[in-house]
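Below is one structure, written out as structure tokens; comments come after it.
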Amino acid sequence: AGPCDLYSAGGTPCIAAHSTTRALYSAFSGSLYQVKRGSDDLTTNIAPISAGGVANAAAQDAFCASTTCLITVIYDQSGNGNHLTQAPPGGFKGPEANGFDNLASATGAPVTLNGQKAYGVFISPGTGYRNNKVSGSAIGDAAEGMYAIFDGTHYNGGCCFDYGNAETNSLDTGNGHMEALYFGTNSNWGSGSGSGPWVMADLENGLFSGQSSKQNTADPTITYRFLNSVLKGGPNKWAIKGGNAASGSLSTYYSGVRPTASGYNPMSKEGAIILGIGGDNSISAQGTFYEGVMTSGYPSDDVENSIQANIVAAKYATTSMNSGTALTAGQLISIRVTTSGYDTRYLAHTGATINTQVITSSSVTSLKQQASWTVRRGLGNSACWSFESKDMPGSYIRHYNFVLQLGANENSKAFNEDATFCSVAGRQHDSGLGLPNPILPPLRQRGLHWKQRWNSQF
Ligand code: AHR
């Protein structure tokens, strides 16, 4: 059985089931998600390899070969049509055209399930998905449940990396108008023990870790690489749980009455569904989503325990984040453009500006050095890489505000992640929509792709 079969058997059926990695019903063989490729803007749907199985990542890889792909739709497997698409502007605007949020790279979060490759949804700040016209979700004080599997090592303190129930107009309409899972280190409202990250409930104008609107120390700092997070809420009761999605069982971090702060009892849930953003389209947060569902009714602990066992049996595991020519820490490289018509160019810097320059073996040394990079272990994730300037040691290629820059190491979490890139084989086409993400993305910028080449080839 899949997680939603277990919820159904318990009398609390899924009203939405989202996953780019696997079917969440044993009989589901329809589309899991849609990707759009950069070379010609065509889309294709990715389905499980077989009913109830893991996503056909090979079909995505074939469709996206030599170009970039974005996740355009995360389909609802429940049959209610509650698909997630690019989030529209709300209280806050996204970085895309007309204030829409960014879409996630389709290759940003590779994993394996039972040894088979699949891709999660890598959400960098500015990225978000939403459905404001959901059918069947909990409204007002009605009961609902939800779980989501996140990457417990990918988070920040921005508002708000959420999955769950939110406002139908993308605006902050007041306390109690949301009920969504939150994961991260934001402590502007509530917090748990330690320095985070925590699983909390975003109930609007507040992230709650328990009954108090401030700190509840029973909610632990939790950083499992694969994190199962659970939230449920009904009339004057709610609970937060968490556990390692790769082994063991769930723990209850809070189960009890609603917060006493005004507006949260009864609740005023509106029933939209968000992923990666706050209820008002706050877009400062980051995280990774693999699968999640929302139910009608307050699921039993027994059902949630059986779903945890189902998730463990799915065997989420990490896989290499890099492809193409292997890199080694300490090596000096240059990075050549692969886009046809531009392949005499190399990635270089002029002061703080990152650009491309035509460079040959007879170019002056200073220009060659501006295009020479020492490979370092990724400052923000040691599975990937950072690139230190040859002629400005201590400065690294980073992205900032969706373009690349050369920046002196600030030793902050944000700088480290902005300066970390995973390698991919050189490509011919870019969507012009995809933007460099912290930690995971190919080293690329609008319209150009680069591949690394030994400095001695100048
Ligand atoms: O509750 C925290 C956040 O506050 C919500 O996600 C957002 O809508 C508001 O800004």
Side-chain angles (χ1 to χ4, degrees), residues 84 86-95 99-102 121 123-134 137-141 144 146 148 150 155-192 196-216 219 229 231-233 238-240 253-254 258-289 292 294:
L84 297 174
Q86 187 171 23
F92 294 90
K93 284 186 176 151
F100 277 65
D101 297 353
N102 283 332
V121 185
I123 302 275
S124 48
T127 302
Y129 294 82
R130 190 169 194 124
N131 185 326
N132 281 342
K133 289 196 166 50
V134 170
S137 56
I139 307 289
D141 207 29
E144 67 179 350
M146 64 194 80
F150 300 136
Y155 56 84
N156 70 6
C159 174
C160 289
F161 181 71
D162 288 352
Y163 174 75
N165 192 324
E167 290 94 340
T168 51
N169 63 0
S170 303
L171 301 173
D172 178 349
T173 51
N175 297 1
H177 285 243
M178 296 177 63
E179 187 166 68
L181 280 160
Y182 165 84
F183 179 66
T185 53
N186 188 305
S187 56
N188 293 344
W189 295 283
S191 63
W198 306 284
V199 176
M200 296 193 278
D202 189 342
L203 304 181
E204 188 52 278
N205 300 314
L207 302 176
F208 288 83
S209 53
Q211 202 199 350
S212 157
S213 356
K214 294 296 180 188
Q215 192 184 34
N216 295 279
D219 194 29
S229 56
L231 173 65
K232 54 186 169 181
W238 67 291
I240 315 173
Y253 303 148
Y254 178 76
R258 290 288 186 185
T260 42
S262 138
Y264 300 104
N265 185 29
M267 294 284 286
S268 307
K269 291 178 251 190
E270 297 191 20
I273 303 178
I274 52 172
L275 171 59
I277 47 179
D280 57 5
N281 198 45
S282 297
I283 48 161
S284 301
Q286 63 183 27
T288 297
F289 172 90
M294 301 184 55

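Counting starts at 1 for both ligands and their atoms, in listed order.
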> Is there any N or O on Gly206 that sits under 3.5 Å from an N or O of ligand 1?
Replying inline: yes

> How does Cys159 reach ligand 1, if at all, at less than 4.0 Å between non-hydrogen atoms: by side chain, backbone, both, or neither?
Replying inline: side chain

> For atom 10 (O) of ligand 1, what's the nearest protein heavy atom and its distance?
Replying inline: Asp280 OD2, 2.6 Å

>> Under 4.0 Å, heavy-atom basis, I'd like to know which part of Asp202 is in contact with ligand 1: side chain, backbone, both or neither.
In response: side chain

>> For Tyr253, give me all partners under ring-ring contact (aromatic ring centres under 6.0 Å, His included), at least two apart in sequence or on another chain.
In response: none

>> Using a 4.0 Å cut-off to any heavy atom of Ser282, which atoms of ligand 1 qualify?
In response: 10 (O)

>> Tell me whether ligand 1 is touched by Trp189 - counting only heavy atoms on the residue side and a distance under 4.0 Å.
In response: yes

> Do Glu270 and His177 have side-chain N/O donor and acceptor atoms under 3.5 Å apart?
Replying inline: yes

> Tell me: protein heavy atom nearest atom 9 (C) of ligand 1, and distance?
Replying inline: Glu204 OE1, 3.0 Å

> When the aromatic ring centroids of Tyr264 and Phe208 are compared, is their separation below 6.0 Å?
Replying inline: yes

>> I need the single residue from Asp101, Thr127, Ile123 that forms a side chain to side chain contact (heavy atoms under 4.5 Å, CB included) with Ile277. Which is it?
In response: Asp101

>> For Phe92, give me all partners under ring-ring contact (aromatic ring centres under 6.0 Å, His included), at least two apart in sequence or on another chain.
In response: none

>> Could you tell me, atom by atom, which parts of ligand 1 come under 4.0 Å of a heavy atom of Gly278?
In response: 6 (O)

>> Quick check on ring-ring contact (aromatic ring centres under 6.0 Å, His included): which of Trp198, Tyr182, Phe161, Tyr163 does Phe150 satisfy it with?
In response: Phe161

> Quick one: does Glu167 get within less than 4.0 Å of ligand 1, heavy atoms only?
Replying inline: no

> Are any non-hydrogen side-chain atoms of Tyr155 and Gln286 less than 4.5 angstrom apart?
Replying inline: no

> For ligand 1, which atoms, with element, lie under 4.0 Å from some heavy atom of Gly279?
Replying inline: 5 (C), 6 (O), 7 (C), 8 (O)

